[in-house]
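These notes concern the structure reproduced below.
We name chains A, B, ... by the order of the sequence lines, and we start the count at 1 in each one.
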There are 2 protein chains.
Amino acid sequence: MATGRNHRPATRSRGIPEATVARLPLYLRALTALSERSVPTVSSEELAAAAGVNSAKLRKDFSYLGSYGTRGVGYDVEYLVYQISRELGLTQDWPVVIVGIGNLGAALANYGGFASRGFRVASLIDADPAMSGKIVAGIEVQHTDLLERIIADNGVSIGVIATPAGAAQQVCDRLVAAGVTSILNFAPTVLSVPDGVDVRKVDLSIELQILAFHEQRKAGELDTEAADTAAPAAPPAVSVTRRAAEDADDDTEAGPDGDVPAVMPA
Amino acid sequence: MATGRNHRPATRSRGIPEATVARLPLYLRALTALSERSVPTVSSEELAAAAGVNSAKLRKDFSYLGSYGTRGVGYDVEYLVYQISRELGLTQDWPVVIVGIGNLGAALANYGGFASRGFRVASLIDADPAMSGKIVAGIEVQHTDLLERIIADNGVSIGVIATPAGAAQQVCDRLVAAGVTSILNFAPTVLSVPDGVDVRKVDLSIELQILAFHEQRKAGELDTEAADTAAPAAPPAVSVTRRAAEDADDDTEAGPDGDVPAVMPA
DNA sequence: CCATCTTTGTGCACGCTTTCACAAAGGCAT
DNA sequence: ATGCCTTTGTGAAAGCGTGCACAAAGATGG
């Protein structure tokens, strides 16, 4: 899951648990693939394997949506695609704006998975005047000054933030003030938003750090923690190393946080 | 969280719960920011606010690492930075390869948050011969043929997959065979890996779909589900719409899944 | 029409996570 | 020293999520 605010206080959004909602897109993807191969029905076992989950979990997930399966047969692929799409709100068009057209923003703009699921990139917005007018993914980049107008004119309710960390909160505030109520945040910052606004956070480096933790464990299963008991009270020495390592990348851009989701194109 | 395999069967990796591990990078980021402002100590309340979590949760998380706080005062920022870094394995150097240098791969290569946390991009790898030799983020792109040698020569244990979905499993298999034991997957596919290999998945479109779900709920709180009872049995009509929408983006590249994490550079 | 076989839908138990609430611990002023 | 005030560290409880295991439901063949 994207590490982010618990936008819903563990409340079920309508009887559908949050954990289930997070898996629906997974099922939808597997089902779409089956649909393309013209597979008419699928059992919970098969679909679970394709989605990489437990079959009991999958059945329970579907039970929250209603009983769409046929015992002894399985689920109707097309019908399930429809039901899940409807449940997720993908049967309607969602105009989206992407703010911060660096490498990551450009990658997002080009991302095929958006358009195929009802997400339409309504506008690309960047604060750099040099970016204005450039064509990215077939769309003209517009300046931040126009943000409010773009949101209003297109009825945008979902915004994607791919700016440096230092600009994220400010952009977020403007998006929210302009009417955006859902934000996907790629900037490595905790955004504060008023109630009623959902934020999901995707942090590329956090995922790697979690992998590193497990990797370290795997490697350390042989030597029984040598450095663990050593160096018990030497914080300053290490913090110097750390700071040095950070200076190395701060030459790119030095926001208040010193961290940037993706550097701007050269 | 990146929706991915539960690589550890809910087992605590050494007394440290998985949920806690996932939050450590969050704390680390907040602490690093404090460290840069030369703040000597911080209370659980303050740090929790900065990291966007509950203070009791934070204290419990830290209690798994040991008792590094001082009652009545708080936590020593530098010392905590050191302890968390060590726990996450960030005090050592992690060579990483990125496979698939499209927009997303390039964005990852340029991502400052990696280098600053001990992750060193050892190599960029792409299957497209036209990419070979190009310089991205100051690193020369190498051809997939060299994958095994690169992994071995650099002692890489962490691989990042940013290829189209169709190539992901194949790339994954080669990475694993070459010795990689941790994979960060951006391709929209379920990867199957042998035991002992960790996979974390980041899926950009899934996050948007989850937002859309909540967005729909917010919008639908007024009109009490009109379309819910309507159209109870019309699956074919919708599946046509769906298929049409997907053809729209398949002109880019048509893998077995029809979905691509980020299109290749033009 | 009945028996059999497959597969769904779900009650239940277990374990992880979160949160509360408070005693213990340490600093600080007097 | 003593007492007060702040903040940690942690039992205990409640809330979720997961997975087992099985009864109910439907298809299928004779």
Side-chain angles (χ1 to χ4, degrees), chain A residues 1 3-24 26-27 31 34 39-77 79-80 83 210, chain B residues 1 3-24 26-27 31 34 39-77 79-80 83 210:
Chain A
M1 176 182 44
T3 328
R5 288 175 57 109
N6 289 352
H7 36 82
R8 296 270 161 168
T11 313
R12 311 202 158 173
S13 286
R14 170 255 199 116
I16 302 184
E18 191 60 31
T20 295
V21 172
R23 279 188 295 267
L24 291 182
L26 226 56
Y27 303 144
L31 284 164
L34 291 172
V39 177
T41 61
V42 65
S43 72
S44 65
E45 204 70 49
E46 293 168 319
L47 185 55
V53 301
N54 180 296
S55 69
K57 197 190 303 192
L58 179 143
R59 288 198 298 277
K60 185 151 291 190
D61 283 343
F62 286 175
S63 79
Y64 290 117
L65 309 183
S67 297
Y68 298 142
T70 307
R71 295 175 192 229
V73 176
Y75 298 91
D76 183 291
V77 172
Y79 189 54
L80 207 42
Q83 290 296 347
I210 296 172
Chain B
M1 174 181 49
T3 328
R5 290 176 55 109
N6 290 351
H7 37 84
R8 298 270 162 168
T11 314
R12 308 201 161 174
S13 286
R14 171 259 199 107
I16 303 185
E18 190 61 32
T20 295
V21 172
R23 279 187 295 265
L24 290 183
L26 227 57
Y27 302 144
L31 284 164
L34 290 172
V39 177
T41 61
V42 66
S43 71
S44 65
E45 204 71 47
E46 293 168 319
L47 185 55
V53 302
N54 180 296
S55 70
K57 197 189 307 193
L58 179 143
R59 286 198 300 275
K60 181 144 289 190
D61 283 342
F62 286 174
S63 78
Y64 291 116
L65 308 184
S67 298
Y68 297 142
T70 307
R71 296 174 193 231
V73 176
Y75 299 91
D76 183 292
V77 171
Y79 189 55
L80 208 42
Q83 290 297 347
I210 296 171

Closest contact, heavy atoms only, [X] versus [Y]:
| X | Y | answer |
| --- | --- | --- |
| B/S44 | B/L58 | CB-CD2, 3.7 Å |
| B/L34 | B/V77 | CB-CG1, 4.2 Å |
| B/T41 | B/D76 | CG2-CA, 4.3 Å |
| A/G15 | A/Y64 | O-CD2, 3.4 Å |
| B/L80 | B/Y75 | CD2-CB, 3.6 Å |
| A/L47 | A/V42 | N-CG2, 3.7 Å |

Euclidean distance, atom [atom1] of residue [X] to atom [atom2] of [N] [Å, nearest integer]:
| X | N | atom1 | atom2 | value |
| --- | --- | --- | --- | --- |
| A/E46 | C/dT7 | CD | P | 8 Å |
| B/E18 | D/dT18 | CD | C1' | 16 Å |
| B/L58 | C/dT17 | CG | C1' | 15 Å |
| B/F62 | C/dT18 | CZ | C1' | 16 Å |
| A/D76 | D/dA27 | CG | C1' | 15 Å |
| A/R59 | C/dG11 | CZ | P | 14 Å |
| A/L65 | C/dT8 | CG | P | 15 Å |
| A/Y64 | C/dT8 | OH | C1' | 15 Å |

Test of ring centre spacing under 6.0 Å for A/Y68 and A/Y79: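 They qualify: ring centres under 6.0 Å apart.
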
Minimum-distance nucleotide to [X] side chain [options: [options]]:
| X | options | result |
| --- | --- | --- |
| B/R23 | C/dT18, C/dC20, D/dG19 | C/dT18 |
| A/S43 | C/dT8, C/dT18, C/dT17 | C/dT8 |
| B/A19 | D/dT18, C/dT10, C/dT18 | C/dT18 |
| A/K60 | C/dA21, D/dC20, C/dC12 | C/dC12 |
| A/P17 | D/dT18, C/dA21, D/dG17 | D/dG17 |
| B/Y75 | C/dT19, D/dT8, C/dG11 | D/dT8 |

Is there a side-chain contact between A/N54 and the phosphate of D/dC20, meaning an N or O under 4.0 Å from OP1 or OP2?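 Result: yes.
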
Do nucleotides 25-30 of chain C as a string where each nucleotide becomes B, S or -: B if the base has a protein heavy atom under 4.0 Å, S if just the sugar-phosphate does, - if no protein is that close. BSS---

